[in-house]
Undergrad: 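Here's a structure for you.
Positions are given from 1 along the sequence.
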Amino acid sequence: MSDDNLTAFPEKATLHPMSTHSTSLISLASSRASSLSLHVDPALPQPAMYENCYDKNSDMSKELECYHTTYDTFQIDRSDQDSEHDKYYRPDVGFRPWLAVLAGFCGQFCSFGFMNVVGIFIAYYQHNQLADLSPSTISWIGSIQSFVFSFSGLFCGHISDMYGPRWVTAGGCMLITVGMLTIAFCKCYYQFVLAQSICSSLGAAGLFYGTTAAISGWFSARRGLAFGVAASGASIGGICLSLIFENLSHKSFQAAVYAMAGVLCAFSIIAAVATSSRIRPTGKQPYRFVNFYLRPFLEPVFSIYTASMFLIYLGLFVPMAYFASSAIAEGISAAHSFQIIAYFNVGSFFGRVLLGLLSDKMNKFALFSTITLLSGLVSAPFWYFAHSEVTITIVAVAYGFFTGGILAMFSTLVAQISPVQEIGTRLGAVNGIIAFATLVSLPIASAIVGTDANYDNMKIYAGVVLIAGAIVAACVNLKMPKDQPQESE
């Protein structure tokens with residue numbers, strides 16, 4: 001660090017021990033410089049960027065601009081009180097980080113757990129309440145549901161950064177409960193769209209983005225494991241919800257939905273209570289769309305990663321949504337077809353935990369591109385040639401394992417290439433883009449299937465876009481700085 005910087009920060013100014021770059025301070029009001037100190041969080045790699053820092057407790061009219069030439073996290077301590085806050089709330093240490101993981105587990109139980117069983121609802125609607133509509137029309141229920149879930153990240157993530165994640169999680173708890181209870185009374189197509197695709201999906205989004213933002217702040221070196229354990233809740237949720245629906249839908253659709261709503265309400269309440277944030281909320285900020293959501297895309301790494309996720313999401317949910325329907329088309333009973341979704345979630349559970357743990361031990365982007373490639377290969381060649389109940393079940397378990405890793409690592413990778421104070425906002429920016437992929441993926445797949453219920457071309461489509469996404473994800477490593485550590489340690 002230069003002598004000028006040491007002069008500007010006489011109290012303390014430290015750099016990450018692995019950093020070989022220098023930090024230049026463009027301007028600072030010297031009269032109040034002694035009340036500020038410069039710290040580096042050594043465990044959280046960050047992209048190069050400009051950051052505007054203000055001392056809210058002073059009457060300084062000038063602005064402190066820190067130009068970051070490393071991938072480290074720079075934090076400006078406002079007072080000794082903030083230093084004490086960092087001292088007692090360190091990442092990876094103590095009970096509260098794992099309490100946040102519990103919140104994430106319950107949040108993903110309700111959010112992605114509910115999203116994982118969309119195929120059961122679609123298959124049921126096709127043969128019951130909406131039997132007079134085409135499969136393509138019905139598929140829009142699941143497609144809009146996925147779109148609303150992803151696009152909600154634009155505001156859920158930013159609200160989490162401003163006011164803390166608990167408010168977002170609590171709102172999600174209320175919306176998903178109301179939405180699920182309303183589904184039981186739906187009879188018309190537009191009613192299912194409002195209740196399931198919009199209300200329940202907004203609730204699921206609040207539970208997912210709120211708890212994810214909380215975990216991002218509490219963990220650094222063990223972030224992959226933390227996200228993997230939390231993401232396993234989605235698999236457990238998918239298993240429980242699919243079994244509830246399978247065992248109760250024969251008696252009454254309303255009874256099955258009521259039971260699912262009760263379980264989701266209980267887990268979402270736990271998520272709301274257990275959610276807490278290590279990072280102080282930034283407070284209300286002027287809404288600047290360009291600064292919040294477009295500026296990150298000026299970074300090549302962030303842009304390439306978002307492009308890869310867009311391609312991946314064009315095919316990721318297609319097998320999830322059509323495992324049951326394609327099995328029924330092969331002559332397998334509806335009861336056994338619904339069980340395939342449960343087997344899929346079993347594979348997803350192990351994939352989320354084991355691959356999440358492995359991501360802490362190796363190059364995250366290399367692992368991510370590899371498991372995405374394997375997911376595409378499972379869909380295109382293997383699912384294409386699977387026609388019996390046994391082979392389809394094996395494919396479902398394998399696909400669940402690899403895609404479980406994809407979903408577990410998604411937030412981890414966003415956190416790795418984002419400043420810690422902007423993780424929620426940047427997670428929302430990525431989801432705002434991939435939301436359009438989720439919007440069109442299921443209708444495209446349904447149009448490929450057509451009215452003759454031939455699912456072979458759809459399986460090829462899902463595999464091809466996943467493989468394309470894997471190739472683009474592999475290109476992220478080419479843009480990563482050579483001295484950038486690939487794991488948060």
Side-chain angles (χ1 to χ4, degrees), residues 44 91-116 149 153 156-157 160 164-166 168-170 172-173 176 203-241 263-264 266-279 345-360 364 367-368 400-401 403-416 418 420 423-424 427-428 430-431 488:
L44 302 174
D92 299 296
V93 178
F95 172 73
R96 296 192 69 177
W98 293 105
L99 186 63
V101 172
L102 173 63
F105 178 92
C106 294
Q108 295 219 28
F109 181 101
C110 301
S111 56
F112 266 108
F114 177 54
M115 301 293 291
N116 284 347
F149 178 83
C156 286
S160 295
R166 179 171 289 169
V168 178
T169 306
C173 172
I176 198 170
L207 289 163
F208 172 74
Y209 293 109
T211 56
T212 298
I215 295 174
S216 300
W218 280 112
F219 286 89
S220 55
R222 307 176 71 182
R223 183 178 285 162
L225 175 62
F227 273 117
V229 173
S232 67
S235 304
I236 302 298
I239 295 171
C240 293
L241 296 177
V263 172
L264 292 176
F267 275 83
S268 62
I269 289 176
I270 296 174
V273 172
T275 299
S276 63
S277 177
R278 187 182 73 91
I279 307 301
N345 283 291
V346 170
S348 180
F349 170 81
F350 289 102
R352 290 169 189 262
V353 176
L354 297 179
L355 294 176
L357 177 61
L358 183 61
S359 68
D360 286 332
K364 288 181 174 60
L367 176 63
F368 181 78
F401 180 83
T403 56
I406 293 174
L407 294 172
M409 293 185 65
F410 166 58
S411 301
T412 307
L413 296 178
V414 173
Q416 179 174 341
S418 301
V420 67
I423 289 176
L427 186 64
V430 176
N431 278 279
S488 302

Undergrad: Examine distances only and state if a side-chain atom of R352 and a backbone atom of G405 form a donor-acceptor pair shorter than 3.5 Å.
TA: no
Undergrad: Could you tell me if the ring centre of F149 sits under 6.0 Å from that of F208?
TA: yes
Undergrad: Is a donor on one side and an acceptor on the other found under 3.5 Å between the side chain of R166 and the backbone of V273?
TA: yes
Undergrad: Do T212 and F227 touch side chain to side chain, with heavy atoms closer than 4.5 Å?
TA: yes
Undergrad: Is the distance between the ring centroids of F267 and F109 under 6.0 Å?
TA: yes
Undergrad: How long is the gap from OG on S359 to CG on L354, to the nearest 0.5 Å?
TA: 11.0 Å
Undergrad: Within a strict 4.5 Å, meaning less than it, do heavy atoms of the F105 and I236 side chains meet?
TA: yes
Undergrad: Flag the pair V229 / L357 as yes when at least one side-chain heavy-atom distance between them is below 4.5 Å, and no otherwise.
TA: no
Undergrad: So which heavy atom on A226 is nearest to which on I215, and how close?
TA: CB-CG2, 4.1 Å
Undergrad: Run the side-chain contact (heavy atoms from CB on, under 4.5 Å) test on C106 and L102 for me, step by step, so that the C-alpha distance in whole Å, both residues' side-chain angles and the decisive distance to 0.1 Å come before the verdict.
TA: CA-CA 6 Å; C106 294; L102 173 63; 4.1 Å; yes
Undergrad: Provide the closest heavy-atom pair for S235 versus F349 in the form atom of the first, atom of the second, distance.
TA: OG-N, 2.8 Å
Undergrad: Quick one, F350 and L355 - any side-chain contact, counting heavy atoms below 4.5 Å?
TA: no
Undergrad: State, with a plain yes or no, whether a side-chain heavy atom of V346 is found less than 4.5 Å away from one of F401.
TA: no
